2 protein chains.
Amino acid sequence: MKTDTPNNHQPDMPEEINGLRMTRQRQEVYRLLTRERTHPTANEVFMRIKEALPNVSLATVYNCLEALVQHNVIRQVNFDREPSRYCSNLDEHGHFHDEKTGKIHDVKFKSGVSLADVLDLPPNTVIKDVEITLRGQLSAS
Amino acid sequence: MKTDTPNNHQPDMPEEINGLRMTRQRQEVYRLLTRERTHPTANEVFMRIKEALPNVSLATVYNCLEALVQHNVIRQVNFDREPSRYCSNLDEHGHFHDEKTGKIHDVKFKSGVSLADVLDLPPNTVIKDVEITLRGQLSAS
DNA sequence: GATTGGATCAAGAACTATTCTAATTATTTC
DNA sequence: GAAATAATTAGAATAGTTCTTGATCCAATC
Ligand SMILES: [Mn+2]
Ligand SMILES: [Mn+2]
Ligand SMILES: [Zn+2]
Ligand SMILES: [Zn+2]
């Protein structure tokens, strides 16, 4: 009776996402990020993923995260110089960092508004990526 | 005849800014950032400031930058995990990173628009700081 | 003008998130 | 199933930044 965790592909996960082969390790990293939407750091992913993959290494977690980011399966989120965090929400959104709780909340853009409405951009500017980060508190009304 | 550069206060700079004593080193760091608005890194500040202060150390540059940031005399700007950059523009503004030239441009907010107009913020949210970063190209029309 | 205490500075060590290297293992291709 | 390719692992290396410690500066007091 073998009780160890094999590197087998799980049935409830596609073989590939965006052209990236979903190995067992990548599956588990991705699964964790979709389950826990708390924007964990690489180290937090590493610690929590040991349950499913006891022999995984931190280097592999970094490798998986990088591969998933590169193939637009997840997003990397940075706050100042803090450790990078990772997010499985692919909708365009910003991040609100609640200083009280330390939690990070996804913030949607209102529909129908464009950045050009808000920012004084130089003419002929092609924006490829936008990052909006907010810091503050969710005041108890 | 002494030709070395003493740590004397320069006459064209106030003794204090926002309660921070403007030592010779802090003056030169601040002067550089107001003169060159290219958002240099700590290392770039270090290399360029040697002209005025040949004996300055990188640690002192970091100390000066941190003191100036802490006292809201300059702002620290981060792009992903690249080295921090520093900005003497205190107006609320975002940063557009031109991928073609590598240059960073300040981007003003249009007057009269608030973030609440654009973002779907949770109710009772007190925003203390906003960071907007754009990445793209200034297309030659 | 000397003394003194706190602030600042300099040099290098230490730290930490991340990346790299090299060896092993897994998967795909032939 | 052998060979080629890709992924994983453990640990070393890297780089930006911070810390530590001793020297220096400086403003206030004697
Ligand atoms: Mn991390
Ligand atoms: Mn820097
Ligand atoms: Zn998110
Ligand atoms: Zn700026």
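Everything numeric here is computed off the predicted structure, so don't read it as measured data. Letters A, B, ... mirror the listed sequences (proteins, then strands); counts begin at 1.
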d(B:I104 CD1, B:F79 CZ) to nearest 0.5 Å is 4.0 Å
A:Y30 and A:V73: side chain to side chain contact (heavy atoms under 4.5 Å, CB included), yes or no, with the steps? CA-CA 8 Å; A:Y30 182 56; A:V73 184; 3.6 Å; yes
Of the listed nucleotides D:dT8, C:dA17, C:dC9, the one nearest the side chain of A:P83: C:dA17
With sequence neighbours excluded, tell me which residues meet side-chain contact (heavy atoms from CB on, under 4.5 Å) with A:Q70. A:E66
Would you kindly give the CZ-to-C1' distance between B:R26 and C:dT8, to the nearest whole Å? 6 Å
In whole Å, what is the span from the CG atom of B:L53 to the P atom of C:dC9? 10 Å
Does a side-chain N or O of B:R81 approach OP1 or OP2 of C:dA17 to a distance below 4.0 Å, or not? no
Every protein N/O within reach of nucleotides 3-5 of chain D N/O, cut-off under 3.5 Å:
none

Name all residues meeting the side chain to side chain donor-acceptor pair (under 3.5 Å) criterion together with B:R37; count only those two or more places apart in sequence or in a different chain, and write none if there are none. B:S88
Could you give me the CA-CA distance, side-chain angles and deciding distance for A:R21 and A:E15, then say whether salt bridge (Lys or Arg N to Asp or Glu O under 4.0 Å) is met? CA-CA 6 Å; A:R21 190 150 65 82; A:E15 302 271 340; over 6 Å; no
In B/S/- notation, 5' to 3', how is nucleotides 20-30 of chain C contacted by protein heavy atoms closer than 4.0 Å? B-----SSS--
If you draw a 6.0 Å radius around NZ in A:K108, do more than 12 non-hydrogen atoms from other residues or ligands fall strictly inside? no
Write down the distance between CD (B:E28) and P (C:dA10), rounded to a whole number of angstrom. 12 Å
Can you tell me how far apart CD (B:Q76) and OG (B:S84) are? Round to the nearest 0.5 Å. 4.0 Å
Let me know the distance between CD of A:E82 and P of D:dG16, rounded to the nearest Å. 19 Å
Closer than 4.0 Å, any side-chain N/O of B:S84 to the OP1 or OP2 of D:dG16? no
Without decimals, in angstroms, what is the distance between A:L58 CG and C:dA17 P? 10 Å
Can you find a side chain N or O atom of A:S57 that sits less than 4.0 Å from OP1 or OP2 on D:dT9? yes
Once ring-ring contact (aromatic ring centres under 6.0 Å, His included) is applied, do any residues pair with A:H95, and if so which ones, sequence neighbours excluded? A:H39, A:H93
When rounded to the nearest 0.5 angstrom, what distance separates NE2 in B:H97 from CD in B:Q137? 11.0 Å
Give one of base, sugar-phosphate or nothing for A:T23, where a contact means two heavy atoms less than 4.0 Å apart. sugar-phosphate
Sequence neighbours left out, what passes salt bridge (Lys or Arg N to Asp or Glu O under 4.0 Å) with A:R31? Give chain and number order. A:D12, A:E28
Calculate the interatomic distance between B:N43 atom CG and D:dT18 atom P; express it in whole Å. 14 Å
B:Y62 side chain N/O closer than 4.0 Å to the phosphate oxygens (OP1, OP2) of D:dT17? yes
Value in whole Å for how far the P atom of C:dA17 lies from CZ of A:R85: 11 Å
Atom pair distance, as rounded to whole Å: CD in A:E66 and C1' in D:dA6: 15 Å
OP1 or OP2 of D:dC25 less than 4.0 angstrom from a side-chain nitrogen or oxygen of B:Q25, does that happen here? no
